[in-house]
Amino acid sequence: MTSIRAVLRTNKIRKDGTSPIAIRITKSRRTKYVFTGKYILEKDWDSATSKVKKSFENSSRLNAFIRKKIREVEEITDNAEISNQELSLNQIKNKAKRGADKVSFFQLSAERIKQKHLEGVYSVSKSELSILYNINEFLTHNPNLPLYKSQAEIKKRRKERISNARAGRTKFTDEIADFMSNQNLNFSEIDMSFLKNYKSFCASHLEQKSRTISNQLIFIRTIFNLAIKENLVDPKIYPFGGENERIKLTSGNKIGLSREEVKRIESLDLTKDSEIWHTRNIWLFSYYFAGMRISDVLELKWSDFIDNRLYYEMNKNHKPVSLKIPEQAQNILSEYSEGKRSYHDFVFPFLKKADISNNKEVFTKSRNAAQHFNKYLKRIAKMCDINKNLSNHIARHTFGNIAGDKVHPLMLQKLYRHSDLKTTIQYQSNFIHKEADDALDSVINS
């Protein structure tokens, strides 16, 4: 039995003395609240009748609004009962917040992105918001426009969004809010034909590689699964799996540096404390710790180094890691010891001025620094006569390339911090060529 009643949440009183009116939903002795967006003073609320008192101006209109909200929740529970659906309190609440079953793909996606943003998972929220913009470009583009013109317009709009965001003219939360009010794409419209055309659009108009396109399909699939879980769509229209769309994860050749190329970088004569000097040190530090992510390197503090070991928690999956400090890494640490202000100070200088209590600021500074490093790494590659694409992430590929088949996969799994051994084996297969090379030689030279 589900109980639905309007209440005044006096425990959430605002500075002006008003409290929010909410619809209380009680089921199996558990309670959830759907806020109406209306606020009144406690003296104007009749708790016995769950109505606004006549003393309140426009009480009749506000009471009618409350009755409408209650009927919306009742309709959700009644429809579920008729169709023999068992809705949880969260499902009832979410449906009520969205206006029963009228929720678009954009709205549900924006809810997820907003939640990720509130949780401080900014790398995910930003990348997923970009996908929504891509889907919106697909829905609104003019198919009769020449390809080069369409590409130019898309790039111009993207450039303007980035410029406005960096200049503070638009807020990330405002961008999310725009999609939360976007009702243009229903889940029933996302079928095999839609996915096929969207993949084609991503390849032609957005000039994306296959792996990037697959990542966008994974996001669409994630939102579809969420909609099914919350009983917002019929599982019968699910466009993935079986004879429908199958997402194939492909990756290009992963190429790392050789040991000789790493030595050239190590021996490069650079001016101390210059930007390129810091870039070289941070890239090597990442490599020395089995391809540690650059964002993790930047956030290292002196307190993370205890008894000649590194102890830290990965940003990506919050896994605790403990590794011996290689001599080469210790040499880099000694270069930065002069700038140590306290035991809890950052080792590297790029976050020293950041407000560590502000996760968004830390993320932004780390991301900007990483982008900066990639530019200097191109210069380092040229100075060292390295023709490979030297980047932040290639530090991980370099470790894998030099490790080859000399290190047991179980140990590599620990060093890479992979959850699944299969991931390690698949990743390391990019760098193990001996058997294939020997087989080729045995035929060619027979």
Side-chain angles (χ1 to χ4, degrees), residues 105-106 108-110 112-113 116-117 121-141 143 147-148 150-162 165 172 175-176 179 185 190-226 239-241 244-256 291 293-295 315-317 363 366-368 370-371 373-375 377-378 388-397 400 418 423 426-427 429-430:
F105 174 86
F106 284 125
L108 189 59
S109 298
R112 170 188 159 89
I113 293 170
K116 292 294 181 183
H117 185 72
V121 192
Y122 302 116
S123 58
V124 173
S125 61
K126 288 183 70 66
S127 63
E128 292 188 349
L129 185 65
S130 295
I131 294 175
L132 290 193
Y133 276 117
N134 291 340
I135 296 173
N136 193 54
E137 290 284 5
F138 168 64
L139 293 175
T140 57
H141 86 286
L147 178 60
Y148 75 94
S150 185
Q151 289 174 331
E153 289 186 1
I154 291 171
K155 289 177 181 178
K156 181 182 178 181
R157 283 190 288 270
R158 183 176 184 275
K159 187 176 180 180
E160 288 176 352
R161 284 200 308 270
I162 294 173
F172 190 80
E175 294 180 84
I176 296 175
F179 280 109
L185 182 59
I190 304 176
D191 53 16
M192 286 287 291
S193 176
F194 176 95
L195 296 175
K196 179 182 177 181
N197 291 332
Y198 180 62
K199 287 192 294 183
S200 176
F201 174 83
C202 288
S204 58
H205 290 68
L206 304 182
E207 300 177 291
Q208 293 177 342
K209 302 296 183 183
S210 58
R211 180 56 198 247
T212 303
I213 297 172
S214 293
N215 288 341
Q216 302 202 57
L217 294 180
I218 289 172
F219 173 73
I220 295 173
R221 184 180 65 186
T222 297
I223 302 303
F224 225 108
N225 286 330
L226 181 60
F240 296 96
N244 296 323
E245 176 67 31
R246 287 182 174 272
I247 301 175
K248 297 179 181 179
L249 293 179
T250 60
S251 60
N253 288 324
K254 292 179 171 60
I255 301 174
R293 288 176 176 81
I294 294 298
S295 60
N315 278 323
K316 184 177 181 180
N317 52 24
F363 165 77
S366 294
R367 180 199 60 194
N368 292 344
Q371 292 174 346
F373 296 155
N374 276 328
K375 294 179 181 179
L377 286 170
K378 300 295 181 288
K388 296 169 184 174
N389 180 28
L390 186 57
S391 65
N392 290 318
H393 197 64
I394 205 177
R396 194 172 184 84
H397 298 341
H418 286 157
T423 304
Q426 183 178 2
Y427 179 82
S429 66
N430 291 278

Answer yes when [X] and [Y] have at least one side-chain N-carboxylate O distance shorter than 4.0 Å, and no when they do not.
{"X": "Arg221", "Y": "Glu245", "value": "no"}
{"X": "Glu128", "Y": "Lys116", "value": "no"}
{"X": "Glu160", "Y": "Lys155", "value": "no"}

Are the side chain of [X] and the backbone N or O of [Y] linked by a donor-acceptor pair below 3.5 Å?
{"X": "Thr212", "Y": "Gln208", "answer": "no"}
{"X": "Asn392", "Y": "Ala370", "answer": "yes"}
{"X": "Ser366", "Y": "Ser295", "answer": "no"}
{"X": "Asn197", "Y": "Ser193", "answer": "yes"}
{"X": "Lys199", "Y": "Ile213", "answer": "no"}
{"X": "Ser130", "Y": "Lys126", "answer": "yes"}

First locate atom [atom1] of [X], then atom [atom2] of [Y], and finally report the distance between them rounded to the nearest 0.5 Å.
{"X": "Asn136", "Y": "Leu185", "atom1": "CG", "atom2": "CG", "value": "9.5 Å"}
{"X": "Phe105", "Y": "Leu139", "atom1": "CZ", "atom2": "CG", "value": "9.5 Å"}
{"X": "Leu129", "Y": "Arg161", "atom1": "CG", "atom2": "CZ", "value": "8.0 Å"}
{"X": "Leu108", "Y": "Leu226", "atom1": "CG", "atom2": "CG", "value": "4.5 Å"}
{"X": "Ile218", "Y": "Asn225", "atom1": "CD1", "atom2": "CG", "value": "11.5 Å"}
{"X": "Phe106", "Y": "Ile223", "atom1": "CZ", "atom2": "CD1", "value": "11.5 Å"}

Specify the closest pair of heavy atoms between [X] and [Y], including all atoms of both residues, with the distance to one decimal.
{"X": "Pro239", "Y": "Leu195", "answer": "CB-CD1, 3.9 Å"}
{"X": "Ser204", "Y": "Gln151", "answer": "O-NE2, 2.7 Å"}
{"X": "Leu132", "Y": "Ser109", "answer": "CD2-CB, 3.6 Å"}
{"X": "Gly291", "Y": "Arg396", "answer": "O-NH1, 3.0 Å"}
{"X": "Ser127", "Y": "Ser123", "answer": "OG-O, 3.1 Å"}
{"X": "Gly256", "Y": "Lys388", "answer": "O-NZ, 3.0 Å"}

Quiz item: Quick check: are there more than 12 heavy atoms from other residues, nucleotides or ligands sitting under 6.0 Å from NZ of Lys196?
Solution: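 Atom NZ in Lys196 is not packed in, count stays at 12 or less.
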
Quiz item: So with a 6.0 Å cut-off around CZ of Arg367, is the heavy-atom count from everything else above 12?
Solution: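 Yes - once you tally the heavy atoms of other residues, nucleotides and ligands closer than 6.0 Å, there are more than 12.
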
Practice problem: Give the intermediate values and the outcome of salt bridge (charged side-chain N to carboxylate O under 4.0 Å, His left out) for residues Glu137 and Arg157. | Solution: CA-CA 10 Å; Glu137 290 284 5; Arg157 283 190 288 270; 2.8 Å; yes

Quiz item: Does the side chain of Ile154 come within less than 4.5 Å of His205's, by heavy atoms?
Solution: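 Yes - at least one pair of side-chain heavy atoms lies under 4.5 Å apart.
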
Quiz item: Hey, are the side chains of Gln216 and Cys202 touching, using non-hydrogen atoms and a 4.5 Å cut-off?
Solution: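 Gln216 vs Cys202: side chains touch.
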
Self-check item: Ring centers of Phe179, Tyr133 separated by less than 6.0 Å
Solution: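 Yes, close enough.
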
Quiz item: Taking the six-membered ring for Trp, are Phe138 and Phe194 ring centroids under 6.0 Å apart?
Solution: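 So the answer is yes for these two rings.
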
Quiz item: Would you call the rings of Phe201 and Tyr198 parallel, tilted or perpendicular, where under 30° means parallel and over 60° means perpendicular?
Solution: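 Rings of Phe201 and Tyr198: parallel, under 30°.
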
Self-check item: Arg246 NZ/CZ over Phe240 ring centroid, <6.0 Å and within 45° of normal
Solution: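 No, cation not above the ring by the 6.0 Å, 45° rule.
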
Self-check item: Candidate pair Ile220 and Ile135, rule side chain to side chain contact (heavy atoms under 4.5 Å, CB included), full reasoning
Solution: CA-CA 10 Å; Ile220 295 173; Ile135 296 173; 4.1 Å; yes

Practice problem: Check the pair Arg112, Phe219 against side chain to side chain contact (heavy atoms under 4.5 Å, CB included), reporting the backbone distance first and the verdict last. | Solution: CA-CA 11 Å; Arg112 170 188 159 89; Phe219 173 73; 4.2 Å; yes

Quiz prompt | Test log, rule side-chain hydrogen bond (donor to acceptor under 3.5 Å, both in side chains), inputs Arg211 and Asn215 | solution = CA-CA 6 Å; Arg211 180 56 198 247; Asn215 288 341; 3.2 Å; yes

